[in-house]
Amino acid sequence: MLRLGAASAWMVAGRATGMAWTLLVIGTLGVSDFGKYASAYALAAILSAPIENIFLVRCVRVDTPQFEGERTTRALIGGVLVAVGAIVYPFSFFVGFALLVAGAEMIFNAYKSLAMREARPHAIMRIDAVRQISSIALAAAYLFAFRSTATLEVACLVYLTPYLVVFAAAVRVCRRYSPRKPGTWRDHSTLVIDALVLSTYLQGDILLLGVIADDHAVGVYSFASQLALAASTVGQLYGQQFAASLRARPHDPLAGPPMRTTIVLGGVITVGVVVFALCLNLFPAYRDMALVMLVIAPFAGLRAITNTWVTALYVRGIDIGRIRANFLALVLRLAVLLLLIGL
């Protein structure tokens with residue numbers, strides 16, 4: 001529980017800084033520009049998910065030599081995405097920024113994968129928070145220094161600058177190991193479908209809203225959903241603590257997260273989001289966002305529960321059941337989005 005507390009503290013620091021960044025972008029560049037930023041980030045998640053999920057799952061399953069080789073492969077693929085994104089960026093912010101983020105995060109995840117394999121969520125969240133705070137501090141400095149002439153495109157490039165340190169760190173840990181192919185094509189097909197369903201569940205609503213509405217609507221919805229679903233990350237941190245015990249005793253039901261604790265955690269998250277939304281509703285400028293949060297509050301709690309068991313399902317190789325559950329969640333979430341648009 002001490003590790004969970006440390007990880008949660010780092011997560012709160014990162015999320016708080018992220019929320020400050022969201023408010024700063026909205027305050028200086030406007031809700032519509034924040035909508036463009038959120039849409040590009042959503043595309044980045046969907047672009048990287050089919051490849052990234054293969055490495056994410058396998059890093060807790062395979063033996064050490066295979067893990068080290070696959071980590072190198074993961075970083076190299078991320079480097080290719082970054083290179084393509086840099087070329088595309090001057091012509092399309094939406095696609096270029098998405099590719100840059102997707103590739104940079106893949107390299108970053110390659111660097112963090114050892115901590116995940118060793119069941120150290122506090123280390124993962126600490127590194128995440130430091131990178132995020134560094135990115136936001138630099139980008140905020142740019143927005144304050146060039147407030148009247150600042151643009152979203154330049155701000156996002158400044159935001160990505162700390163990833164250069166990440167790239168250097170990834171090179172240092174990966175250069176000693178030759179790349180290895182991650183598993184078989186049969187493994188890939190299952191995990192790719194899993195990733196597409198999950199990433200569309202998490203980010204597809206934002207892209208769909210961008211198609212059928214406008215950047216302003218995307219900005220409002222992204223702000224509210226970011227607040228509501230950020231809390232569900234606690235479930236993931238709780239579940240990651242059991243990675244080592246699950247790998248050592250994959251068939252022992254006591255090796256994973258206790259069901260009662262998991263359900264209680266989901267209930268607490270749901271109630272917390274509802275209370276926050278009711279408080280937000282007191283401010284007229286944020287009532288649209290408060291309404292969105294109230295509607296998706298149950299999904300935040302359910303997501304906390306599923307996040308808790310993700311690591312257990314990864315280690316135990318229960319992929320088909322996880323895909324079915326995520327697909328059902330995807331359908332329900334898109335239905336809720338259409339309901340919100342109707343309102």
Could you pull out all residues at least two apart from [X] that satisfy side-chain contact (heavy atoms from CB on, under 4.5 Å)?
X	result
A290	L280, N281
V95	V88, S92, L99
S48	A102, M106
I87	none

Which residues pass the side-chain hydrogen bond (donor to acceptor under 3.5 Å, both in side chains) test with T22, not counting sequence neighbours?
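Checked T22 against side-chain hydrogen bond (donor to acceptor under 3.5 Å, both in side chains); matches are Q226.
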Using side-chain hydrogen bond (donor to acceptor under 3.5 Å, both in side chains) as the criterion, list what pairs up with S135, not counting sequence neighbours.
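side-chain hydrogen bond (donor to acceptor under 3.5 Å, both in side chains) check on S135 returns R131.
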Run the side-chain contact (heavy atoms from CB on, under 4.5 Å) test on I136 and Y159 for me, step by step, so that the C-alpha distance in whole Å, both residues' side-chain angles and the decisive distance to 0.1 Å come before the verdict.
CA-CA 6 Å; I136 292 171; Y159 178 90; 3.8 Å; yes
Residue pair [X] / [Y], side-chain heavy-atom distance below 4.5 Å:
X	Y	answer
F223	I26	yes
L138	Y142	no
L160	L100	yes

Distance-minimising heavy-atom pair for [X] and [Y]:
X	Y	value
I107	A170	CG2-CB, 3.5 Å
A297	V273	CB-CG1, 3.7 Å
D215	S32	CB-O, 3.4 Å
T270	G301	OG1-CA, 3.1 Å
S39	V218	OG-CG1, 3.5 Å
P258	T262	O-OG1, 2.9 Å

Would you compute the distance between atom [atom1] of [X] and atom [atom2] of [Y] and round it to the nearest 0.5 angstrom?
X	Y	atom1	atom2	result
Y221	D288	OH	CG	14.0 Å
L291	I296	CG	CD1	10.0 Å
I54	C59	CD1	SG	13.0 Å
I305	I269	CD1	CD1	10.0 Å
F67	F55	CZ	CZ	11.5 Å
L56	N109	CG	CG	7.5 Å

Show every donor-acceptor pair shorter than 3.5 Å between a side-chain atom in residues 70-80 and any protein atom, with sequence neighbours excluded, or say none if there are none.
residue: E70; atom: OE1; partner: R58; partner atom: NE; Å: 3.1
residue: E70; atom: OE2; partner: R58; partner atom: NE; Å: 3.0
residue: E70; atom: OE2; partner: R58; partner atom: NH2; Å: 2.6
residue: E70; atom: OE2; partner: Q66; partner atom: NE2; Å: 2.7
residue: R71; atom: NH2; partner: V173; partner atom: O; Å: 3.3
residue: T72; atom: OG1; partner: E68; partner atom: O; Å: 3.3
residue: T72; atom: OG1; partner: C174; partner atom: O; Å: 3.2
residue: T72; atom: OG1; partner: Y177; partner atom: O; Å: 3.0
residue: T73; atom: OG1; partner: G69; partner atom: O; Å: 3.2
residue: T73; atom: OG1; partner: R180; partner atom: N; Å: 3.0
residue: T73; atom: OG1; partner: R180; partner atom: O; Å: 2.8
residue: R74; atom: NE; partner: E52; partner atom: OE1; Å: 3.3
residue: R74; atom: NE; partner: E52; partner atom: OE2; Å: 3.1
residue: R74; atom: NH2; partner: E52; partner atom: OE2; Å: 2.4

Same cluster for [X] and [Y] if Ile/Leu/Val/Met/Phe/Trp/Tyr side chains link at under 4.5 Å?
X	Y	value
V165	V171	no
L207	V101	no
F94	L81	yes
I51	L43	yes
Y163	W21	yes

Which residues pass the salt bridge (charged side-chain N to carboxylate O under 4.0 Å, His left out) test with D33, sequence neighbours left out?
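With neighbours one apart ignored, the set is K36.
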Test item: S222 side-chain N/O and G219 main-chain N/O as donor-acceptor pair under 3.5 Å
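It does not hold such a pair.
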Check whether N53 reaches the backbone of A49 with its side chain - one donor and one acceptor, N or O, closer than 3.5 Å.
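Not confirmed, N53 side chain does not pair with A49 backbone.
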Other members of the hydrophobic cluster containing V268, with the 4.5 Å side-chain heavy-atom rule, please.
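Noted: V268 shares its cluster with V264.
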Please write out which residues are connected to L278 in a hydrophobic cluster, directly or through intermediates, given that two of Ile, Leu, Val, Met, Phe, Trp, Tyr count as joined at side-chain heavy-atom separations below 4.5 angstrom.
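In the cluster with L278 are V274, L294.
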Scan for ring pair (Phe, Tyr, Trp, His ring centres under 6.0 Å) pairs involving residues 95-121, sequence neighbours excluded, and state none if there are none.
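Only Y37-F97, Y41-F97, F93-F97 qualify under ring pair (Phe, Tyr, Trp, His ring centres under 6.0 Å).
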Output a table of donor-acceptor pairs, distance under 3.5 Å, between side-chain atoms of residues 143-153 and any protein atom two or more places apart or on a different chain; print 'none' if there are none.
residue: T151; atom: OG1; partner: V154; partner atom: N; Å: 3.3

